[in-house]
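Let me begin by presenting the structure, written as structure tokens, before commenting on it.
Any value given below was found using the heavy atoms of this structure, including those in side chains, with hydrogens, waters and symmetry copies removed.
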Amino acid sequence: MKGQKRSANDIQAALTDDILHEILLRLPEKSVFSFILVSKRWLRVICSSSFRKDYHARWRINFHLLGFFVCNHLYLGRSKHGIRRPPSERALHLLSTCEEGDNLLVSGIPKQLGYFIDSSNGLLLFGRHPMTYSVWNPITKQLCRLPQPQQYYKSLCIAFFSVTEECFDDIIHYKVIRARCDCRRDEVNTVSIETFSSVTGTWKHYTLTCSSTFALRPWAVATVISGVIYWFATQGNLAIYDPRLGDRRIVLLKLPDGKISQDYDECVLGEAPDGLLQYGQSSTSGMEIWVLAREGDSFSSNLQSQNRWNLRYKLSFKAMWKQNPDCAKNSKEAQILSFLPQNSEYVFIRAGWNIFLFHLKSRRLTLIPYLGRDSSIQWDDSQVMPYFRPSWPHSCLCP
């Protein structure tokens with residue numbers, strides 16, 4: 001009887017969770033998010049993968065765009081006697097697209113932290129290369145000023161990503177990786193990196209090796225997909241590093257056509273809905289979208305022979321403007337900015353002052369309204385990066 005009673009209680013608890021699940025599905029997202037503070041049980045239900053999936057299917061909410069950060073690389077990697085930012089140009093540009101973005105802009109905190117570098121899962125990485133970095137969580141208002149790195153890299157590239165497998169509490173943990181970029185003409189088969197972990201609070205130095213000679217492209221941020229880091233490298237390669245493997249090596253992968261053509265001004269990476277790596281490049285005439293067809297379960301030393309790029313979309317900007325006559329008045333030179341997170345069917349495109357969301361299948365443009373237009377923005381020397389807040393709260397109580 002005692003065992004039967006325990007089983008009945010378990011069933012009752014499960015039914016109660018199911019009822020709570022159905023009630024919360026009918027509430028707007030802002031209300032649902034506020035209810036995670038009611039109890040651990042409510043937090044567990046709301047943060048569960050099953051509820052998140054059902055809620056996204058019902059409300060069709062997958063991401064929340066707060067705006068676009070404009071990062072000027074002329075100042076981000078400025079040497080002591082290099083180019084200085086004129087007083088007329090702000091250090092931090094956020095092109096806000098909603099009220100949350102407005103609040104982030106007026107909070108004043110980002111302006112105290114230097115230049116925008118990258119974001120991950122809502123966290124923001126600011127700093128001044130090569131030695132000063134800060135991570136800020138706009139949701140919890142937590143600010144972490146990272147200790148100074150031990151290694152001095154005159155020229156570098158960076159990777160910033162959240163680490164869910166190291167979540168022992170409800171705090172989002174993260175890692176920052178600085179990789180040295182050698183400016184020498186002769187390429188080498190090693191690269192020095194330094195990794196900061198929010199769990200340990202310290203930097204650790206490593207040397208990565210590769211079977212071929214290579215060099216990373218400086219002043220760029222990596223694309224991180226499922227914990228794997230992708231950096232653009234010289235000679236039309238991607239440099240791929242998986243820190244979870246522990247073997248401290250880099251694998252090179254040739255980009256489509258074996259090189260980044262001089263005709264292509266912008267190159268971006270992203271993740272397709274099926275988890276495949278996708279690559280986009282744009283020129284003055286149009287853009288191409290490629291997907292990497294993987295034949296193995298993981299990257300290996302003979303990666304180049306086991307994977308191939310498939311061209312998925314090829315677009316003429318002239319045809320794009322013709323098909324979207326309402327946007328034709330903005331038909332200046334266009335360039336690809338970024339993929340939408342985990343959705344290869346949409347990309348952000350910039351044309352002059354205007355930023356559009358482009359659906360690759362229907363080839364329809366949607367103008368993204370934003371605040372923060374500033375004539376001092378040096379578009380040609382800047383990278384425009386969308387900033388999203390987490391699409392759903394996370395808790396270590398959930399699988």
Side-chain angles (χ1 to χ4, degrees), residues 73 76-77 79 117-118 129-130 149-161 175-196 203-271 276-281 288 290-296 298-310 383:
H73 294 289
L76 184 61
S79 62
I117 298 177
D118 200 5
H129 287 320
Q150 300 173 2
Q151 305 293 318
Y152 178 83
Y153 299 148
K154 183 178 180 181
S155 182
L156 57 87
C157 55
I158 210 148
F160 176 53
F161 56 103
K175 287 187 178 181
V176 179
I177 299 180
R178 303 164 66 248
R180 179 178 179 178
C181 298
D182 287 310
C183 299
R184 298 174 300 175
R185 290 187 178 182
D186 56 316
E187 296 179 335
V188 295
N189 67 339
T190 62
V191 60
S192 171
I193 70 168
E194 198 171 15
T195 300
F196 175 84
W203 293 93
K204 288 188 177 181
H205 175 257
Y206 304 100
T207 298
L208 306 182
T209 61
C210 182
S211 58
S212 304
T213 58
F214 74 103
L216 300 178
R217 293 170 59 184
W219 311 122
V221 293
T223 297
V224 183
I225 300 175
S226 301
V228 180
I229 298 168
Y230 302 87
W231 276 302
F232 284 116
T234 56
Q235 303 299 318
N237 288 308
L238 279 181
I240 305 171
Y241 168 51
D242 190 343
R244 300 167 302 178
L245 299 180
D247 54 6
R248 300 180 187 174
R249 68 188 180 100
I250 277 184
V251 176
L252 296 183
L253 170 67
K254 282 290 183 182
L255 289 166
D257 300 327
K259 63 179 181 179
I260 299 178
S261 170
Q262 295 295 328
D263 296 332
Y264 289 99
D265 301 321
E266 297 295 329
C267 306
V268 297
L269 294 170
E271 180 182 7
L276 297 177
L277 179 69
Q278 59 185 355
Y279 165 74
Q281 57 186 15
E288 297 177 351
W290 299 75
V291 175
L292 184 66
R294 293 173 55 177
E295 299 178 3
S298 61
F299 290 104
S300 62
S301 58
N302 56 350
L303 175 65
Q304 295 179 354
S305 62
Q306 288 193 353
N307 299 268
R308 67 183 185 278
W309 291 100
N310 293 331
Q383 184 176 7

Identify the heavy atoms of [X] and [Y] that sit nearest to each other, and give their distance.
| X | Y | result |
| --- | --- | --- |
| I158 | W231 | O-NE1, 3.2 Å |
| C267 | F232 | O-CE1, 3.6 Å |
| W309 | L253 | CZ2-CD2, 3.7 Å |
| E194 | Y153 | N-OH, 3.9 Å |
| D118 | A222 | OD2-O, 4.2 Å |
| S212 | N189 | O-CB, 3.5 Å |

Drop me the distance from [X]'s [atom1] to [Y]'s [atom2], to the nearest 0.5 angstrom.
| X | Y | atom1 | atom2 | result |
| --- | --- | --- | --- | --- |
| I250 | T207 | CD1 | OG1 | 11.0 Å |
| I240 | L277 | CD1 | CG | 7.0 Å |
| N310 | L292 | CG | CG | 8.5 Å |
| K175 | I229 | NZ | CD1 | 8.5 Å |
| R249 | T190 | CZ | OG1 | 15.5 Å |
| N237 | R217 | CG | CZ | 11.0 Å |

Does the side chain of [Y] come within less than 4.5 Å of [X]'s, by heavy atoms?
| X | Y | result |
| --- | --- | --- |
| F160 | I117 | no |
| L238 | L269 | yes |
| R180 | L156 | no |
| I177 | Y241 | yes |

Polar side-chain atom of R178 near backbone of P149 as donor-acceptor pair, under 3.5 Å: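 Not confirmed, R178 side chain does not pair with P149 backbone.
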
N/O donor-acceptor pair under 3.5 Å between K254 side chain and Q235 backbone: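 Side chain of K254 to backbone of Q235: a pair is present.
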
Pairs satisfying salt bridge (charged side-chain N to carboxylate O under 4.0 Å, His left out), at least one member in residues 223-242, at least two apart: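 Only D242-R244 qualify under salt bridge (charged side-chain N to carboxylate O under 4.0 Å, His left out).
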
List in chain and number order the residues that pass side-chain contact (heavy atoms from CB on, under 4.5 Å) with [X], two or more places apart in sequence or in another chain; answer none if no residue qualifies.
| X | result |
| --- | --- |
| S226 | E271 |
| Y152 | P130, M131, K154 |
| V268 | I336, F339 |

ring-ring contact (aromatic ring centres under 6.0 Å, His included) partners for F196, two or more places apart: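 W203.
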
All side chain to side chain donor-acceptor pair (under 3.5 Å) counterparts of W290, not counting sequence neighbours: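 Applying side chain to side chain donor-acceptor pair (under 3.5 Å) to W290 gives E288.
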
Contacts of type side chain to side chain donor-acceptor pair (under 3.5 Å), residue T209, not counting sequence neighbours: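 T209 satisfies side chain to side chain donor-acceptor pair (under 3.5 Å) with no residue once adjacent residues are dropped.
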
